[in-house]
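Read the structure below first, then the notes.
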Amino acid sequence: MSEFEAIEKKWQKRWSDNKLFNVKVDEKKKKFYCLEMFPYPSGKLHMGHMRNFSLGDVIARYKRMRGFNVLYPMGFDAFGMPAENAAIKNQIHPRDWTVKCMTDMEEQLHSLGFSYDWSREIKTCMPDYYKWDQWIFLKMYEKKLLYKAKAPANWCPSCRTVLANEQVENGKCWRCKSAVIQKMFDQWFIKITAYVDQLLDDLKQLENNWPERVLTMQKNWIGKSKGTLITFKIKDSKKEVTVFTTRPDTVFGITYITLAPEHPLINELVKGTDKEDIVKRFAEEVKLESMIDRESVKDKKGLFIGHYAINPVNNEEVPIFIADYAIMSYGTGAVMAVPTHDERDFLFAQKYNLPLKIVIKQKDGDIDACSMSKAYEDDGILVNSGEFNGLDNNSAKEKITKWMEKKGFGKTSTQYKIRDWLISRQRYWGCPIPMVYCDKCGIIPVPIKDLPVLLPDDVVFREEGNPLETSKTFIKTKCPKCNGPAKRETDTMDTFFDSSWYYLRYTSPDYKAGPFDKEAANYFMPVDQYIGGIEHAILHLLYARFFQKFLRDIGLTKFDEPFKRLLAQGMVLLGGEKMSKSKGNIVEPKDITEKYGADTARMFILFAALPEKEFEWSEHGVEACYKFIKKLIGMAEGVSAVKKVDVKKLSSKEKTVIGKLNKTIKTVTENIDKYEFNFAISNIMTLANYLTKQKEAISSDVYNFTFGKVLVMLAPFIPHTCEELWEKGKNEGFVSVCDWPKFDESLIDEKADCFEEELEKTINDVKDVIKLINKTPKNISLFIAESWKYKVADMIRKAKDITDIKGIISDVMKDADARKHGGEATKMVQSVTKDMSKLVPSKINQSEEFGFFTESKSYLEKEFNCKFEILKAEDSTEGKAKSSLPGKPGILIR
RNA sequence: GCGGGGGUGGCGGAGUGGUCAAACGCGCAGGACUUAAGAUCCUGUGACUUAGUGUCUACGAGGGUUCGAAACCCUUCCCCCGCACCA
């Protein structure tokens with residue numbers, strides 16, 4: 001047990017007793033919805049969770065302190081395979097297993113001190129949640145977004161069960177190692193493709209707020225491409241074949257056509273011919289092969305099926321092949337092949353000795369088909385293309401398509417890679433699909449008033465088939481329409497269905513009249529900050545976006561997109577690899593919390609790296625945070641409550657401390673706003689270290705004040721420690737919900753107040769400048785002194801901050817004169833501006849001219865043990881410099 | 001292959017044209033405290049040098065742009081992640 005456990009428990013209890021983090025709709029307050037991807041209840045929290053939730057908790061706590069009405073909920077994505085596997089293995093009911101796991105995880109979450117509103121907890125496996133899954137399902141059915149179709153599923157013939165993709169290892173069943181086959185099942189699909197354009201277009205709304213790579217992944221997954229459908233007649237047959245192409249500009253170069261092995265036309269064409277056997281065997285082989293190891297299919301294989309298609313643009317006869325590189329599920333399953341201008345076709349044509357016909361050449365220069373070593377896929381000019389010769393290929397695309405449309409064999413078309421979402425799962429532990437099969441009436445939805453369709457308990461968990469089918473009470477039912485005998489659907493829903501709308505349920509988790517309360521949802525939605533692993537970049541986020549749009553369309557919400565901002569956290573590595581059970585390189589959060597306490601664990605995981613970056617787990621790093629927390633406790637010795645300090649009455653040292661605090665507040669606030677938590681922590685560390693060193697030199701009021709602010713700033717990161725020390729310092733209330741410290745504009749004059757210290761620096765800086773000038777060849781020295789230094793200095797004097805100064809420097813450098821004088825001048829200017837940049841904000845130089853010298857004069861004289869005087873330009877210079885700056889004050893060194 | 005992100009001290013990692021040998025932390029070295037160890041605190045920590053100053057050098061490799069590059073451009077090598085025959 002860590003020495004911190006008692007303290008942590010104490011504050012967790014107080015927070016919960018005071019309902020500190022519970023939230024209600026409050027139109028007067030600005031809301032902030034902070035959400036983490038809810039976990040699957042495996043029973044154990046892992047580092048990924050820990051990082052995810054620590055990030056979310058800091059954001060939620062910070063926003064709360066900034067005065068937002070923060071919704072920060074937690075729940076469980078509780079349906080799914082592992083529970084069912086556990087059931088089969090241990091003969092325990094999946095519900096019992098899941099509930100136990102959830103209880104365990106809740107406990108772990110509590111012990112880490114995350115500031116969830118637990119009154120809003122959601123468990124998707126509970127009927128009061130999945131009832132609304134079914135409700136939404138029925139609404140989708142009503143809107144014709146659901147349909148049943150035959151689809152292949154992974155089927156293990158020996159276990160007689162459907163397998164999830166993850167259960168197929170190298171084409172074999174994970175349990176019995178027999179070869180998995182693709183078997184066709186009648187399954188439910190959601191027509192997500194009906195929303196494809198919106199899903200694509202609305203990605204624009206997310207730009208800058210979602211990680212670039214997630215947007216790209218979604219785009220690629222949707223895979224929109226514009227092209228042309230072209231229909232070919234088949235020689236000696238009444239049949240036709242339609243291909244999809246994005247390169248209509250190359251139609252004159254077609255030398256063959258390929259069909260996917262599953263293409264229905266193949267059987268029709270080869271039936272009764274001498275090719276029938278060999279072609280069918282080939283198709284079977286390919287199907288099996290692609291199951292066993294899709295990735296190894298590099299070498300393209302094909303077979304001539306004995307038929308020819310007629311290219312409608314030039315009436316050429318081209319052979320039809322069946323080939324493994326054509327896939328049925330994209331386009332039409334048939335591809336026109338132009339080996340000269342498509343690399344895949346090129347490789348295939350070389351292997352099977354098919355002709356090459358060039359139809360695009362480079363603007364200048366020729367391509368020779370015989371000497372080609374790879375396809376020419378770049379842009380160019382059309383040749384061998386009838387009336388289109390001489391066009392550039394991009395404009396030819398449209399012209400050729402239009403021409404084909406007119407002739408009646410071509411038509412523009414948009415194709416997508418995304419396919420409808422298969423949601424049927426032949427498993428028990430999921431939300432039952434509320435459908436009934438009646439011999440008389442067909443497929444009938446369960447009426448909404450009869451929801452939920454409950455999962456039955458009289459089920460046998462065995463390795464074969466869907467356990468739900470073993471229930472005696474579930475399957476047999478009455479048809480809602482004719483009241484005759486009917487059978488229930490035994491498929492359950494994909495768990496992604498449950499997780500596609502849970503964020504809405506959090507806004508009103510106990511709502512009885514619908515999936516969620518419209519008003520609550522409109523208040524809290526959209527989610528302002530969503531946080532989770534990159535592994536959900538495609539599916540979960542796409543489905544949730546789709547649900548949001550659907551629910552909007554049936555009038556339940558008013559937003560297009562559910563998640564305004566997305567943070568995809570990086571992985572936690574150990575030994576350079578992702579922590580995973582199979583690799584055995586796991587550090588559990590529990591190991592750390594037991595030894596060092598929750599705050600240390602939280603702090604380390606935030607301190608280790610920027611949130612999006614992966615980082616290497618390091619026990620040393622953990623200890624560092626532990627040390628810091630202990631140091632903080634030491635710093636709290638003898639502190640008393642924070643009192644306002646009157647800056648005017650402070651000593652210069654104290655002013656410096658307050659000024660540093662003020663500056664730290666500013667940067668830490670910026671750090672947190674930008675989610676740079678590691679920098680925020682490091683800046684607070686720096687301040688704490690500084691404060692420790694100054695303790696003796698400042699009054700206890702200033703110390704208490706500064707330390708108090710340090711606690712407040714650390715509260716989102718290490719809340720337990722901060723609460724404890726806050727209380728120890730006899731401060732009132734919870735530091736967790738006190739106001740975030742404000743950066744005080746008036747204290748920014750910290751530098752002016754810290755005259756002594758700044759002046760010390762000034763003297764050193766001026767010394768540098770003097771040395772530099774003395775060393776520089778005279779002409780340059782003068783030039784610099786009288787021209788650039790003045791010019792730059794003058795501009796810099798007007799500058800507000802360092803960024804401004806940077807801008808000025810780069811402006812000056814663009815000036816041709818500056819460049820002429822090369823490196824020497826540059827060095828000078830750099831050095832001078834460096835000097836200036838330090839001096840200017842110090843506000844020491846308030847005099848009209850080179851004031852800083854005026855004020856520093858006596859110090860300088862003391863320092864150098866000599867006299868300085870202030871000169872005007874005309875007094876000090878000769879030649880060029882003098883005339884270039886009439887009447888301007890000049891360098892001041894004698 | 002395509003798409004995305006990277007390669008900086010002994011380490012984790014800062015730094016995206018000019019304030020600057022590189023935040024913060026780890027490790028290491030020295031000092032204080034201690035009988036000692038640990039803990040804690042202080043100092044140092046690229047190299048060479050100094051009383052202080054100073055000089056030189058690194059940002060995977062090689063070129064280029066610039067007065068000035070770790071940062072921008074080109075070439076090249078390596079690592080990680082995602083998709084993978086999408087016509």
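Note that the coordinates shown come from a computational prediction; the quantities given were computed from them, not determined experimentally. Convention: sequence-line order gives letters A, B, ...; per-chain numbering from 1.
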Base-pairing mate for [N] - Watson-Crick or G-U, with both contacts under 3.5 Å:
N      : answer
A87(B) : none
A71(B) : none
G13(B) : none
G82(B) : C2(B)
A39(B) : none
G44(B) : C28(B)
C59(B) : none

Between T216(A) and D342(A), just flag the one whose closest nucleotide in RNA chain B comes earlier from the 5' side.
->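 Mapping each residue to its closest nucleotide by heavy atoms, the 5'-most match is T216(A).
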
Nearest nucleotide by nearest heavy atom, which residue falls closer to the 5' end of RNA chain B, E623(A) or S329(A)?
->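 It is E623(A) whose nearest nucleotide is closer to the 5' end.
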
Check whether any side-chain nitrogen or oxygen of [X] sits under 4.0 Å from OP1 or OP2 of [N], and answer yes or no.
X       : N      : result
N689(A) : G25(B) : yes
T686(A) : A23(B) : no
K627(A) : C26(B) : yes

Regarding T412(A) and T401(A), is there a side-chain donor-to-acceptor distance under 3.5 Å anywhere?
->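 Short answer, no.
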
Short side-chain donor-acceptor distance under 3.5 Å, Y596(A) and E623(A) =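 On atom types as modelled, these side chains qualify, holding a pair under 3.5 Å.
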
Do the side chain of [X] and the main chain of [Y] share a donor and acceptor less than 3.5 angstrom apart?
X       : Y       : answer
N683(A) : F679(A) : yes
H341(A) : I360(A) : yes
K301(A) : A323(A) : no

Among [options], the nucleotide that comes nearest once only the side chain of [X] is considered:
X       : options                : value
T246(A) : G25(B), A87(B), U43(B) : A87(B)
R213(A) : G15(B), G4(B), C24(B)  : G4(B)
M685(A) : G25(B), G15(B), A87(B) : G25(B)
F607(A) : C42(B), G82(B), C24(B) : C24(B)

Any idea how F321(A) and Y352(A) line up, ring-wise: parallel (<30°), tilted (30 to 60°), or perpendicular (>60°)?
->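 Taking Y352(A) first and then F321(A), their aromatic rings sit tilted (interplane angle of 30° to 60°).
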
Relative to the ring of W421(A), is the ring of Y543(A) parallel (under 30°), tilted (30 to 60°) or perpendicular (over 60°)?
->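 Rings of Y543(A) and W421(A): parallel, as their planes differ by under 30°.
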
Taking any heavy-atom pair under 4.0 Å as a contact, classify [X]: base, sugar-phosphate, or nothing.
X       : value
S225(A) : sugar-phosphate
A326(A) : base
L610(A) : sugar-phosphate

Quick one: [X] [atom1] to [N] [atom2], roughly how many Å, whole number?
X       : N      : atom1 : atom2 : answer
E696(A) : C41(B) : CD    : C1'   : 12 Å
K631(A) : G25(B) : NZ    : P     : 8 Å
W221(A) : G4(B)  : CH2   : P     : 19 Å
K674(A) : A23(B) : NZ    : P     : 19 Å
I538(A) : A84(B) : CD1   : C1'   : 12 Å
F244(A) : A87(B) : CZ    : C1'   : 8 Å
F348(A) : G1(B)  : CZ    : C1'   : 19 Å
L566(A) : G4(B)  : CG    : P     : 19 Å

Euclidean distance for [atom1], [N] against [M] (whole angstrom):
N      : M      : atom1 : value
C83(B) : C72(B) : C1'   : 30 Å
G64(B) : C48(B) : C1'   : 32 Å
C26(B) : G44(B) : C1'   : 16 Å
A23(B) : A47(B) : P     : 14 Å
U75(B) : G54(B) : C1'   : 39 Å
C80(B) : U8(B)  : P     : 15 Å
C77(B) : C42(B) : P     : 50 Å
U49(B) : G68(B) : P     : 32 Å

What is the glycosidic conformation of G7(B): syn, defined as within 90° of 0, or anti?
->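 Nucleotide G7(B) adopts anti.
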
Looking at I254(A), I230(A), T255(A), which hits side chain to side chain contact (heavy atoms under 4.5 Å, CB included) with N311(A)?
->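 With N311(A) as partner, I254(A), I230(A), T255(A) yield a single side chain to side chain contact (heavy atoms under 4.5 Å, CB included), made by I254(A).
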
